[in-house]
Visitor: 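The structure that follows is given in the form of structure tokens.
Lettering follows sequence order; numbering is per chain, from 1. Everything quoted here is computed from the prediction, not taken from an experiment.
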Amino acid sequence: MKEYLQLIFEEASEKLSYLKSINFTFDIPKIESHGDLSSNAAMLLVKQLKKKPRDIAAEIIAELNYDPKIILKIEIAGPGFINFFFSPDFVSVIIKNILYENESYGKSKKYSGRRANVEFVSANPTGPLTVGHGRNAVFGDTVANLLEWVGYSVDREYYFNNAGRQMRVLGDSVKLRYLELLGEKNNFPEDYYQGEYIKDIAKNIFDESGNKYLSEPPEGIFKEKAETQIFADIKKTLERLNIYHKIFFNENSLYEEGKIKDAIEAFKTRNLSYEKEGALWLKLTELGNEQDKVIVKSTGEPTYRLPDIAYHITKFQRGYDLMIDIFGSDHNATYPDVLAGLKALGYDDEKIRVLIHQFVTIMDNGEVVKMSTRKANYITIDQLIDEVGSDVVRYFFNMRNITTHMNFDLALAKKQSDENPVFYLQYAHARIASILKMIEKENLNYSLEDLNLLTSNEEQQLLKKLHQFKNEVLLSAEYYESHRVCTYLEELAAAFHKFYTFCRIIGTEKKLAEARIALSLATKIIIKNGLSILGVSAPERM
RNA sequence: GCGCCCAUAGCUCAAUUGGAUAGAGCAACAGCCUUCUAAGCUGUAGGUUAGUGGUUCGAUUCCACUUGGGCGUACCA
């Protein structure tokens, strides 16, 4: 619909050249009586033309050469909006396109040929994924889906570090539990990993090899076994959420391949670093940031900034047009340094999009649960999936804007899972599947012959919702906002349920019934496509 | 102290990125199943968009300040 209006406005701008000077939009009005699409063009021209907006609107409309089969009427309303009403016949034609393109309907080629990298989860292998990681994981994967829908070729990437202090403590923790199994009494330190999974790992080593590793150092076999097993568990959890990373990038490889050294050299040759008190500092103040920061400690060890910069350089070298980093809000102070460093080295930091999500507050019976992997005070994603299922988990983390501080009441999630909106969508899909089975028995089939019979309010509302899908996918991708898809689907499902209540199929005159079947089919396809973007299943029956 | 983020109906959140009369779901109340799935539909009630100023044709949205929360503010990652 929007494309057609853009076309006739373009034609009109040959005569009304001022239309070329403004950036006007076509929006869907909130109120039905304001039409199907509305333009603000006239209001934007008030200053330039020094005329009343409503007069300008009239002037524009006079030059619009439109097909009355497509546009029913055009009105000027309010302060100067130009409202367009589409003809019912034109609106119903969309069914043909949806049925034809089926599971591809809604995809676009706008960004085809471009490559994107989405880095998400990126939790170090020190313990199971918790609900805290859930939002990051689900959102990241959905953003990746959205980018694919608008044409990007996307690589999902997981960045991890198996060399730091956390990992040393992990090895120590496993070794100590192992020694306990061998009968040694010890005081398990408070700042070691307290979780039961540490005991499981130790038990596995014990079962396989008995006391063979009694005098083995903790950073050897113990750390390795722990990492292998924890990573396997993390991948298994992600698999349950339908998340598959293509690349697991080990921070350590940056050292092994000399990327860290290269980055240091690059800063030095550009005179962007200096030594002070035995450490190497980056001249961030010259790059417009608050203060200079250390990139190599006086011990010779780099700080996290340096590998982060080197890591992103590899992404540039791998040729991505868009690089997305998904972080929790605890990282909000770190990325400006990294971006500034990259920019100073001549990389286009506009290609990097850092998406910061706010934390999820876990509540249980009205009390805040403080999460800590170290203290084994957490609720894992696996536990959550066991309780409510992966569809609910995916939908729940997608349905809110990532800028919100989300409350997750566990007691409520368990008890009231029936009230989750995801069931509302899945129910609509299952309902349609059920209708389709029923019409087979009645010897009915869909037909595209008489779509112009779909004139009732409920039918038209549903059709107009279907029209919005493609644009909604595009906007969701461009704004990196997966919750828009949820909001849209809930509106679509509501429109369908209304249609279902008021427009029956069986027992209706044949031609109308067949047109309604076609409409139902098209709705089913859109619900399924939308849910697939979110990574949520579309069941045939419930 | 400073930086980033947030504040919308009793609760959880939307609002086409500056548009017209701020909308949904829960919860509350009143209705609708002998006919395609009632996990549904219809209706009622619920608001000074935290507060005060400003910017303009127009502000929940942008700016400033105030209040209240979250996360940071390391030669930790």
Side-chain angles (χ1 to χ4, degrees), chain A residues 25-31 33-34 38-40 42-44 46-47 52-53 77-81 83 124 161 164-166 251 276-281 290-291 293-305 307-308 328-336 356-359 361 399-409 412 416-428 430-439 441-442 444 468 471-472 475 478-479 481 483-484 486-488 490-491 493-494 496-498 500-508 513 516-517 520 541-542:
Chain A
T25 57
F26 298 104
D27 295 322
I28 300 164
K30 286 175 192 162
I31 296 161
S33 63
H34 291 157
S38 177
S39 180
N40 60 351
M43 271 122 57
L44 296 176
V46 170
K47 262 191 188 161
K52 287 179 185 165
F81 289 101
N83 295 339
N124 288 338
N161 172 14
R165 205 188 74 242
Q166 290 173 38
E251 180 185 326
K276 193 177 89 181
E277 294 158 9
L280 192 67
W281 294 68
E290 288 281 311
Q291 49 186 245
K293 295 277 173 67
V294 171
I295 51 173
V296 181
K297 301 184 226 172
S298 52
T299 59
E301 251 182 308
T303 63
Y304 68 90
R305 288 178 199 93
D308 271 12
S329 62
D330 52 338
H331 280 72
N332 69 14
T334 71
Y335 73 89
I356 303 277
H357 62 83
Q358 297 303 311
F359 279 159
T361 308
M399 69 195 265
R400 304 299 181 211
N401 194 321
I402 58 164
T403 58
T404 62
H405 300 95
M406 220 170 103
N407 279 328
F408 196 146
D409 192 318
L412 212 68
Q416 303 197 337
S417 61
D418 276 13
E419 288 158 14
N420 193 302
V422 70
F423 294 111
Y424 185 73
L425 308 185
Q426 292 183 319
Y427 181 62
R431 249 186 169 177
I432 298 172
S434 167
I435 293 172
L436 297 178
K437 269 179 218 141
M438 202 61 74
I439 59 150
K441 286 182 195 161
E442 300 283 329
L444 283 165
Q468 292 169 22
N471 195 239
E472 209 56 50
L475 290 175
E478 289 181 335
Y479 294 134
E481 290 178 343
H483 75 281
R484 294 181 64 112
C486 298
T487 308
Y488 167 79
E490 285 168 36
E491 288 167 6
F496 172 75
H497 285 307
K498 268 177 205 158
Y500 177 90
T501 305
F502 291 102
C503 306
R504 302 192 64 80
I505 291 172
I506 295 166
T508 301
R516 283 178 175 171
I517 296 169
S520 302
R541 56 167 57 191
M542 287 175 77

Visitor: With C1' as the reference atom in both, quote the distance from B/rA27 to B/rU35 in angstrom, rounded to an integer.
Guide: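 To the nearest whole Å, 33 Å.
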
Visitor: In whole Å, what separates the C1' atom of B/rC76 from that of B/rG18?
Guide: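 Nearest-Å result for B/rC76 against B/rG18 at atom C1': 43 Å.
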
Visitor: Within a strict 4.5 Å, meaning less than it, do heavy atoms of the A/Trp281 and A/Ile295 side chains meet?
Guide: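 A side-chain contact under 4.5 Å is absent here.
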
Visitor: Determine the Euclidean distance between corresponding C1' atoms of B/rC29 and B/rU67; express it in Å to zero decimal places.
Guide: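 B/rU67 and B/rC29 have their C1' atoms separated by 36 Å.
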
Visitor: Could you list the protein-to-nucleotides 19-23 of chain B atom pairs, N/O on both sides, closer than 3.5 Å?
Guide:
unit_1	atom_1	unit_2	atom_2	d
B/rA20	OP2	A/Lys30	NZ	3.2
B/rA20	N6	A/Ser38	OG	2.5
B/rA20	N6	A/Asn83	OD1	2.7
B/rA20	N1	A/Asn83	OD1	3.4
B/rA20	N1	A/Asn83	ND2	3.0

Visitor: How far, in whole Å, is B/rA15 from B/rG25 if one measures between their C1' atoms?
Guide: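 About 15 Å, rounded to a whole number of Å.
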
Visitor: Sub-3.5 Å donor-acceptor pair from the side chain of A/Thr303 to the main-chain atoms of A/Val294, do we have one?
Guide: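 Answer holds: yes.
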
Visitor: Which atom pair, heavy atoms only, marks the closest approach of A/Ala42 to A/Pro53?
Guide: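 In this case the closest contact between A/Ala42 and A/Pro53 is CB-O, 3.3 Å.
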
Visitor: Taking the side chain as every heavy atom from C-beta outward, state whether A/Val296 and A/Glu301 have any atom pair closer than 4.5 Å.
Guide: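 A/Val296 does not reach A/Glu301 side chain to side chain.
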
Visitor: With a 3.5 Å cut-off and heavy atoms only, can you find an N or O donor on one side and an acceptor on the other between the side chain of A/Ser298 and the base of B/rC75?
Guide: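 Side chain to base: pair present.
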
Visitor: Quick one: A/Ile432 CD1 to B/rA39 C1', roughly how many Å, whole number?
Guide: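 Spelled out: CD1 on A/Ile432 to C1' on B/rA39 is 15 Å.
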
Visitor: Whole-Å distance between B/rU17 P and A/Glu481 CD?
Guide: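 Value for this atom pair: 11 Å.
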
Visitor: Is it the case that over 12 heavy atoms from other parts of the model lie below 6.0 angstrom from the NZ atom of A/Lys52?
Guide: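 Counting other residues, nucleotides and ligands, NZ of A/Lys52 stays at 12 neighbours or fewer.
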
Visitor: Which is true for A/Glu277 with a 4.0 Å heavy-atom rule: it touches a base, it touches only sugar-phosphate, or it touches nothing?
Guide: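 Here A/Glu277 touches the bases of the nucleic acid.
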
Visitor: Would you mind telling me which of B/rA14, B/rC36, B/rC57 lies closest to the side-chain atoms of A/Ile506?
Guide: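 Minimum distance to the A/Ile506 side chain belongs to B/rC36.
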
Visitor: Whole Å only: how far is the CZ atom of A/Phe496 from the P atom of B/rA38?
Guide: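 Roughly 11 Å, once rounded to whole Å.
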
Visitor: Return the value, rounded to whole Å, for the distance between atom CD of A/Glu251 and atom C1' of B/rC76.
Guide: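 The distance from CD of A/Glu251 to C1' of B/rC76 comes to 12 Å, rounded to the nearest Å.
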
Visitor: Under a 3.5 Å threshold, yes or no: a donor from one side chain and an acceptor from the other, between A/Ser38 and A/Asp27?
Guide: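 Looking only at side-chain atoms, A/Asp27 and A/Ser38 do not form any donor-acceptor pair under 3.5 Å.
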
Visitor: Is the shortest side-chain heavy-atom distance between A/Gln358 and A/Ile402 below 4.5 Å?
Guide: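 Counting from C-beta outward, A/Gln358 and A/Ile402 never come under 4.5 Å.
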
Visitor: Looking only at heavy atoms, what is the nearest atom pair of A/Ala77 and A/Asn83, with distance?
Guide: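 That closest heavy-atom pairing would be CB-ND2, 3.4 Å.
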
Visitor: For A/Ile435 and B/rU35, give me the distance from atom CD1 to atom P, rounded to whole Å.
Guide: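 A/Ile435 atom CD1 is separated from B/rU35 atom P by 15 Å.
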
Visitor: Ignoring backbone atoms, establish whether A/Lys437 has a side-chain N or O less than 4.0 Å from OP1 or OP2 of B/rC36.
Guide: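 The answer is no; no side-chain N or O of A/Lys437 sits under 4.0 Å from OP1 or OP2.
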
Visitor: Please say whether the positively charged group of A/Arg431, taken as NZ for Lys or CZ for Arg, lies over the ring of A/Tyr500, i.e. under 6.0 angstrom from the six-membered ring centre and within 45 degrees of the axis.
Guide: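 Yes, A/Arg431 lies over the aromatic ring of A/Tyr500.
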
Visitor: Roughly how many Å is it from CZ in A/Arg431 to P in B/rU35, rounded to a whole number?
Guide: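 Value for this atom pair: 13 Å.
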
Visitor: Checking all strands, does A/Phe359 fall into the base, sugar-phosphate, or nothing category for heavy-atom contacts under 4.0 angstrom?
Guide: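 The answer is sugar-phosphate, as A/Phe359 gets under 4.0 Å only of primed atoms, P, OP1 or OP2.
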
Visitor: Of the nucleotides B/rU42, B/rU37, B/rA77, which one has an atom closest to the side chain of A/Phe502?
Guide: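 Within the option list, the nearest is B/rU42.
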
Visitor: With side chains defined as the heavy atoms from C-beta onward, is the minimum distance between A/Pro421 and A/Cys486 less than 4.5 Å?
Guide: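 The answer is no; the side chains never approach within 4.5 Å.
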
Visitor: What is the distance, rounded to the nearest whole Å, between atom CH2 of A/Trp281 and atom C1' of B/rA74?
Guide: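 Value for this atom pair: 10 Å.
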
Visitor: Expressed as a whole number of Å, how far does the P atom of B/rC41 sit from that of B/rU48?
Guide: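 Looking at atom P only, B/rC41 and B/rU48 are 29 Å apart.
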
Visitor: Separation of A/Tyr304 atom OH from B/rC75 atom P, in whole Å?
Guide: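 Roughly 9 Å, once rounded to whole Å.
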
Visitor: Choosing from B/rU37, B/rC75, B/rU17, which nucleotide comes nearest the side chain of A/Ser434?
Guide: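 The answer is B/rU37.
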
Visitor: Are A/Phe359 and A/Met406 packed together at the side-chain level, in the sense that at least one heavy-atom pair is separated by less than 4.5 angstrom?
Guide: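 No - every pair of side-chain heavy atoms lies 4.5 Å or more apart.
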
Visitor: Looking only at atom P, what distance separates B/rC26 and B/rG70, rounded to whole Å?
Guide: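 B/rC26 and B/rG70 have their P atoms separated by 31 Å.
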
Visitor: 5'-most contact on RNA chain B: A/Leu475 or A/Lys47, nearest heavy atom basis?
Guide: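 It is A/Leu475, whose closest nucleotide lies nearer the 5' terminus.
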
Visitor: Any idea if B/rU35 is syn or anti, going by the 90°-from-0 cut?
Guide: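 Anti, which is what one calls it when the glycosidic angle falls more than 90° from 0.
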
Visitor: Would you measure the distance from the P atom in B/rU49 across to the matching atom in B/rG23 and give it in whole Å?
Guide: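 Nearest-Å result for B/rU49 against B/rG23 at atom P: 13 Å.
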
Visitor: If we only count heavy atoms from C-beta on, is the A/His483 to A/Met399 side-chain gap below 4.5 Å?
Guide: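 A/His483 vs A/Met399: side chains apart.
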
Visitor: B/rA50 and B/rU8: how far apart are their C1' atoms, nearest whole angstrom?
Guide: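 Their C1' atoms lie roughly 10 Å apart.
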
Visitor: Would you mind classifying the nucleic acid contact of A/Arg165 as base, sugar-phosphate or nothing, using non-hydrogen atoms under 4.0 angstrom?
Guide: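 Sugar-phosphate contact only.
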
Visitor: So what is the 5' to 3' dot-bracket string for RNA chain B, if pairs are Watson-Crick or G-U wobble with both distances under 3.5 Å, crossing pairs use [ ] and | means the partner sits on another strand?
Guide: (((((((..((((.....[...)))).(((((.......))))).....(((((..]....))))))))))))....

Visitor: Classify the nucleic acid contact of A/Asn401 as base, sugar-phosphate or nothing, counting any heavy atom under 4.0 Å across all strands shown.
Guide: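 Contact class for A/Asn401: sugar-phosphate only.
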
Visitor: It should be established whether A/Tyr479 places a side-chain nitrogen or oxygen under 4.0 Å from OP1 or OP2 of nucleotide B/rU16.
Guide: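 Answer no for this pair, as no side-chain N or O of A/Tyr479 is under 4.0 Å from OP1 or OP2.
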
Visitor: Please confirm whether any donor atom in the side chain of A/Glu301 sits under 3.5 Å from an acceptor in the base of B/rC75, or the reverse.
Guide: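 No, the side chain and the base share no sub-3.5 Å donor-acceptor pair.
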
Visitor: Can B/rC33 be described as syn, meaning its chi torsion is within 90° of 0, or is it anti?
Guide: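 Base orientation relative to the sugar is syn.
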
Visitor: Are A/Lys297 and B/rC76 close enough that a side-chain N or O sits under 4.0 Å from OP1 or OP2?
Guide: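 Looking at the OP1 and OP2 atoms of B/rC76, one of them is under 4.0 Å from a side-chain N or O of A/Lys297.
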
Visitor: Rounded to the nearest 0.5 Å, how far does NE2 of A/His34 lie from NZ of A/Lys30?
Guide: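 Atom-to-atom, A/Lys30:NZ and A/His34:NE2 are 11.0 Å apart.
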
Visitor: Measuring from atom OH of A/Tyr335 to atom NE2 of A/His331, what distance do you get when rounded to the nearest 0.5 angstrom?
Guide: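 The distance works out to 12.0 Å.
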
Visitor: What does nucleotides 1-12 of chain B look like as a protein-contact string, B for base, S for sugar-phosphate only, - for none, at under 4.0 angstrom between heavy atoms?
Guide: --BBBS-----B

